[in-house]
Amino acid sequence: MNDTAQPHSDQRPRRSRGTLLARTPVPEDAAVHDDVALRLAAWWESNARDLPWRFGRTTPWGVLVSEVMSQQTQMSRVVPYWTDWMARWPDARALADAPKADVITAWGRLGYPRRALRLQECAQVVARDYADELPRTYDQLTGLPGIGDYTASAVMSFAFGERIAVIDTNIRRVLSRVFLGAESLGGAASPAERALAAHVLPEAVRDSVTWNQSVMELGAVMCTAKSPMCEVCPIAHDCRFLKLGRPGLGERRTRPRQRFQGTDRQVRGLVLAALRGLPAGATLARSDAEALWKDKAQLAACIASLDDDGLIEMTEDGALRLPQG
DNA sequence: GTCCCGGTGG
DNA sequence: CCACCGGGAC
């Protein structure tokens with residue numbers, strides 16, 4: 001059984017999915033999928049970005065770290081952080097034993113610093129429960145802190161070479177355009193999108209890995225949201241979206257987006273940046289913290305939330321510092 | 001300056 | 001649903 005392609009295998013079998021799969025068993029579909037897969041594989045062969053965690057040059061743990069760092073951050077910004085991080089903490093055990101303050105500081109400006117703490121918690125679980133060796137099943141991986149569907153699937157495919165459908169926004173956009181001829185809209189991946197990804201995943205294990213990597217890469221560098229480079233795309237010939245005249249190109253996602261100016265995000269970032277800039281172990285006096293933001297109530301709430309998240313500690317006199325644990 | 005982008009967990 | 005961070009595009 002290759003149920004690895006369907007992480008949600010505890011659900012009902014996806015037979016009568018309705019609109020999407022009901023019209024897919026056209027004889028030429030398989031031929032189109034094969035053609036797309038071949039062209040993408042050839043394109044990947046000569047165009048894949050030379051990222052340091054690719055091509056078997058790191059451990060499964062290294063792949064996981066790269067995926068967590070890339071969750072909401074562009075690859076180009078991740079590379080220098082990943083390189084320093086892995087040199088400093090090459091495996092889960094090393095990260096598990098690191099001081100929290102070092103972990104937060106090393107996370108630097110990658111964004112969403114709670115990811116750094118979750119990654120360390122993940123390392124602690126791997127070190128303690130799995131003898132410092134990353135588990136090899138989807139369910140074990142999603143059980144780790146900070147590891148959800150995408151990251152678990154990516155690690156299964158890219159680190160362990162298993163056959164599993166990887167679904168991120170790049171892949172959703174590419175598959176939807178190529179095979180459905182429409183933009184992928186909305187927030188969470190729909191059952192239909194998951195069914196499509198499972199349906200077009202090549203049967204051969206090796207091919208499935210190349211497929212995941214090449215579709216994701218195409219979405220990242222060529223089949224972009226707003227300005228896809230269709231004139232040089234290796235699968236333009238097979239693309240329904242292009243055939244239809246790219247209907248609704250770049251259409252707005254319904255995802256609720258967040259402002260930044262004046263939000264808690266900005267205030268939390270200011271506080272954390274101030275603490276990162278201090279010498280190791282040093283504290284920020286409450287009066288200095290007060291100077292960071294005019295709205296005292298909002299500042300206090302943000303400091304409290306950072307404390308709740310375990311990203312900072314408060315001393316008795318109200319001074320702040322990075323966690324010493 | 002404004003707007004847009006994203007995976008996980010709660 | 002919605003909070004969470006930065007930076008890139010414009």
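Below, read A as the first sequence line, B as the second, and so on, with proteins coming before strands; counting in each chain starts at 1.
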To the nearest angstrom, how far is A:Gln266 atom CD from C:dG7 atom P?
13 Å
Near A:Glu133 CD, under 6.0 Å, is it more than 12 heavy atoms from other residues, nucleotides or ligands?
no
If you look at every strand shown and take non-hydrogen atoms under 4.0 Å, does A:Arg115 touch a base, only sugar-phosphate, or nothing?
nothing
Could you give the CE-to-P distance, from A:Met75 to B:dC5, as a whole number of Å?
18 Å
Main-chain N/O of A:Arg265 paired to A:Arg268 side chain as donor or acceptor, under 3.5 Å:
no
Closest to the side chain of A:Gln71, out of C:dC5, B:dT8, B:dC5, is B:dT8
Check the distance between B:dG10's P and A:Arg118's CZ and give it to me in whole angstrom.
6 Å
Rounded to the nearest Å, what distance is computed from the CD atom of residue A:Gln72 to the P atom of nucleotide B:dG9?
11 Å
Are A:His199 and A:Phe179 an aromatic pair by the rule of ring centers under 6.0 Å?
no
What integer distance in Å separates A:Ile171:CD1 from B:dG7:C1'?
13 Å
Grab the CG-C1' distance between A:Leu119 and B:dT8 for me, whole Å please.
13 Å
Stepwise salt bridge (charged side-chain N to carboxylate O under 4.0 Å, His left out) check, A:Asp35 with A:Arg39
CA-CA 6 Å; A:Asp35 188 60; A:Arg39 291 176 191 277; 2.8 Å; yes
When you match A:Lys226 and A:Gly148 each to their closest nucleotide on DNA chain B, which lands nearer the 5' end?
A:Lys226
Provide, to the nearest angstrom, the distance between the CG atom belonging to A:Leu144 and the C1' atom belonging to B:dG7.
15 Å
Between the base of C:dG7 and the side chain of A:Gln74, is there a donor-acceptor distance below 3.5 Å?
no
In whole angstrom, give the distance that lies between atom CG of A:Asp149 and atom C1' of B:dG6.
14 Å
When you compare the ring of A:Tyr112 with the six-membered ring of C:dC4's base, are the centres less than 5.5 Å apart and the planes under 30° from each other?
no
